Engineer: 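Here it is, the structure, as C-alpha cells.
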Amino acid sequence: MPDGTGFDLLEKCSYSSGEVIFITAHHQYGLNAIKFSAIDYILKPIDEVMLMKAVSKAKQQIELKQENLRLKNLLNNVSLPQASKRIALPFVDKIEFVEVKDIIRLEAEGSYTKFYTTVNSPLIVSKSLKEYDDMLSASGFIRTHQAHLVNPDFIQSLIKSDGGYLSMKNGDSVPISRLRKNEIIKVLKEK
C-alpha cells in the first residue's frame with residue numbers, strides 16, 4: 001500500500017463486526033497479525049484449501065458473535081419490566097426497535113417473519129420465526145402453530161370449532177395446531 005500497511009489501515013478503522021484474515025508474502029508479520037486478533041494468517045502463494053478454511057472459520061466466528069448479541073439482548077430484556085422491553089428488527093437499510101408489548105403476533109413466511117404490531121403495518125424481517133420464538137417465549141408469547149406466535153395479551157377468544165383457532169383483538173384469526181391445542185388452553189387458563 002502506498003500510504004502504509006494493512007496494519008496502519010486496521011489502526012484507523014473499526015472492524016468489530018467482521019473478522020480479519022491476513023494474506024501476505026512476508027512471514028515476519030505473523031506477530032502483528034496476532035496482536036490484531038486475526039482469525040488466520042496465510043502466506044502467498046495462496047493455498048485455496050487454506051483460504052476456504054480461513055473464510056469458514058471467520059464465518060463461524062461472526063455467527064457466534066451474532067448469537068452472543070442475541071443472547072445479550074434476551075438477557076437485557078428479561079431483567080427489564082414488561083412495559084419497557086424492546087426487540088430490534090433488522091432491515092436492509094435500518095434497524096427498527098419495537099416494544100414487545102406492542103407486538104400482536106408473528107407469522108412465518110418461509111425463512112422470513114412477518115410482525116403484526118399495534119403501531120405499524122406488518123413488518124417483514126429476514127429471520128426465521130424460530131429465532132423470535134426463542135427470544136419472545138420469556139415474555140409469554142405462545143407458539144400456536146408451526147407458522148404462528150402470538151402475544152397472549154391480544155387474544156380475544158379461543159374458538160373450538162373448525163379445528164380450533166384464536167380470535168385476536170385486531171380481528172385476525174390464528175390457527176391452532178391439534179398437537180398444541182391442550183397446551184394452549186392450559187396456558188390461557190393460567191393467565
Side-chain angles (χ1 to χ4, degrees), residues 16-19 39 52-78 80 82 84-188 191:
S16 61
S17 63
E19 293 296 327
I39 199 82
M52 296 286 281
K53 285 181 182 179
V55 170
S56 178
K57 197 181 340 178
K59 184 179 175 192
Q60 288 174 346
Q61 193 66 24
I62 291 168
E63 288 170 356
L64 182 62
K65 284 180 181 179
Q66 290 173 341
E67 182 63 25
N68 286 341
L69 186 60
R70 282 192 290 272
L71 289 173
K72 184 178 178 182
N73 186 30
L74 176 64
L75 290 174
N76 286 338
N77 276 336
V78 168
L80 291 172
Q82 182 68 26
S84 62
K85 293 182 182 180
R86 297 186 331 159
I87 188 169
L89 303 180
F91 296 94
V92 172
D93 59 342
K94 66 180 177 178
I95 296 176
E96 189 158 329
F97 296 93
V98 176
E99 303 246 355
V100 171
K101 67 178 180 55
D102 293 333
I103 300 171
I104 299 169
R105 67 185 186 92
L106 292 81
E107 184 176 349
E109 289 194 359
S111 61
Y112 294 87
T113 301
K114 187 183 280 190
F115 279 76
Y116 294 86
T117 70
T118 59
V119 292
N120 294 323
S121 56
L123 302 167
I124 299 176
V125 180
S126 64
K127 290 191 177 198
S128 71
L129 184 65
K130 167 91 174 87
E131 289 186 58
Y132 293 109
D133 186 9
D134 294 342
M135 279 187 231
L136 294 170
S137 62
S139 296
F141 280 66
I142 304 168
R143 187 83 176 251
T144 64
H145 185 275
Q146 179 181 348
H148 296 276
L149 185 65
V150 300
N151 183 342
D153 295 338
F154 289 96
I155 297 173
Q156 185 168 335
S157 57
L158 184 145
I159 311 300
K160 293 181 180 178
S161 61
D162 297 328
Y165 63 93
L166 296 174
S167 175
M168 305 299 288
K169 289 181 181 177
N170 69 341
D172 290 348
S173 296
V174 178
I176 299 174
S177 163
R178 282 186 291 124
L179 298 173
R180 298 176 193 250
K181 190 172 186 175
N182 291 334
E183 177 187 338
I184 293 166
I185 291 170
K186 181 181 171 188
V187 169
L188 293 176
K191 286 227 164 243

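If you're wondering where the values come from, they're calculated on a predicted model, not measured in any experiment.
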Engineer: Could you report the tightest heavy-atom contact between Ala54 and Ile39, atom names first, then the distance?
Structural biologist: O-CG2, 4.3 Å
Engineer: Please check this pair: side chain of Thr117 against backbone of Asp102, looking for a donor-acceptor N/O pair closer than 3.5 Å.
Structural biologist: no
Engineer: Closer than 3.5 angstrom, by distance alone: can the side chain of Lys169 be matched with the main-chain N or O of Asp153 as a donor-acceptor pair?
Structural biologist: yes
Engineer: How long is the straight-line distance from OG of Ser139 back to CD1 of Ile87, given to the nearest 0.5 Å?
Structural biologist: 8.0 Å
Engineer: Measure the shortest side-chain to side-chain distance between Val150 and Ile142 over non-hydrogen atoms and say whether it is less than 4.5 angstrom.
Structural biologist: yes
Engineer: Looking only at heavy atoms, which two atoms of Lys101 and Phe154 are closest? And how far apart?
Structural biologist: O-CE1, 3.3 Å
Engineer: For the atom pair CG (Asp133) and NE2 (His148), what is the distance rounded to the nearest 0.5 Å?
Structural biologist: 13.0 Å
Engineer: Hey, mind stepping through Ile155 and Met168 against side-chain contact (heavy atoms from CB on, under 4.5 Å) and telling me if it holds?
Structural biologist: CA-CA 5 Å; Ile155 297 173; Met168 305 299 288; 4.0 Å; yes
Engineer: Please report the interatomic distance NZ(Lys59) to CD(Glu19), rounded to the nearest 0.5 Å.
Structural biologist: 14.0 Å
Engineer: Let me confirm one number: the OG-CG distance from Ser167 to Asp172, rounded to the nearest 0.5 Å.
Structural biologist: 9.0 Å
Engineer: Would one find more than 12 heavy atoms of other residues, nucleotides or ligands at under 6.0 Å from atom CD of Gln146?
Structural biologist: no
Engineer: Taking atom CD1 of Ile176 and atom CD1 of Ile185, what is their separation to the nearest 0.5 Å?
Structural biologist: 7.0 Å
Engineer: Quick one: does Thr144's side chain have a donor or acceptor within less than 3.5 Å of a partner on Pro175's backbone?
Structural biologist: yes
Engineer: Among residues at least two apart in sequence or on other chains, which ones pass side chain to side chain donor-acceptor pair (under 3.5 Å) with Ser56?
Structural biologist: none
Engineer: Is it the case that the ring center of Phe141 lies less than 6.0 angstrom away from the ring center of Tyr132?
Structural biologist: no
Engineer: Residues in side chain to side chain donor-acceptor pair (under 3.5 Å) with Lys181, at least two apart?
Structural biologist: none
Engineer: Out of Thr113, Leu89, Ile103, Leu106, which one pairs with Leu123 under the side chain to side chain contact (heavy atoms under 4.5 Å, CB included) rule?
Structural biologist: Leu89
Engineer: Evaluate side-chain contact (heavy atoms from CB on, under 4.5 Å) for Asn120 paired with Glu96, printing each intermediate quantity in order.
Structural biologist: CA-CA 11 Å; Asn120 294 323; Glu96 189 158 329; 3.0 Å; yes
Engineer: Would you give the length of the straight line joining atom CG of Leu179 to atom NE2 of His145, rounded to the nearest 0.5 angstrom?
Structural biologist: 10.0 Å
Engineer: Mind listing the closest non-hydrogen atom pair of Leu129 and Ala147 along with its distance?
Structural biologist: CD2-C, 3.5 Å
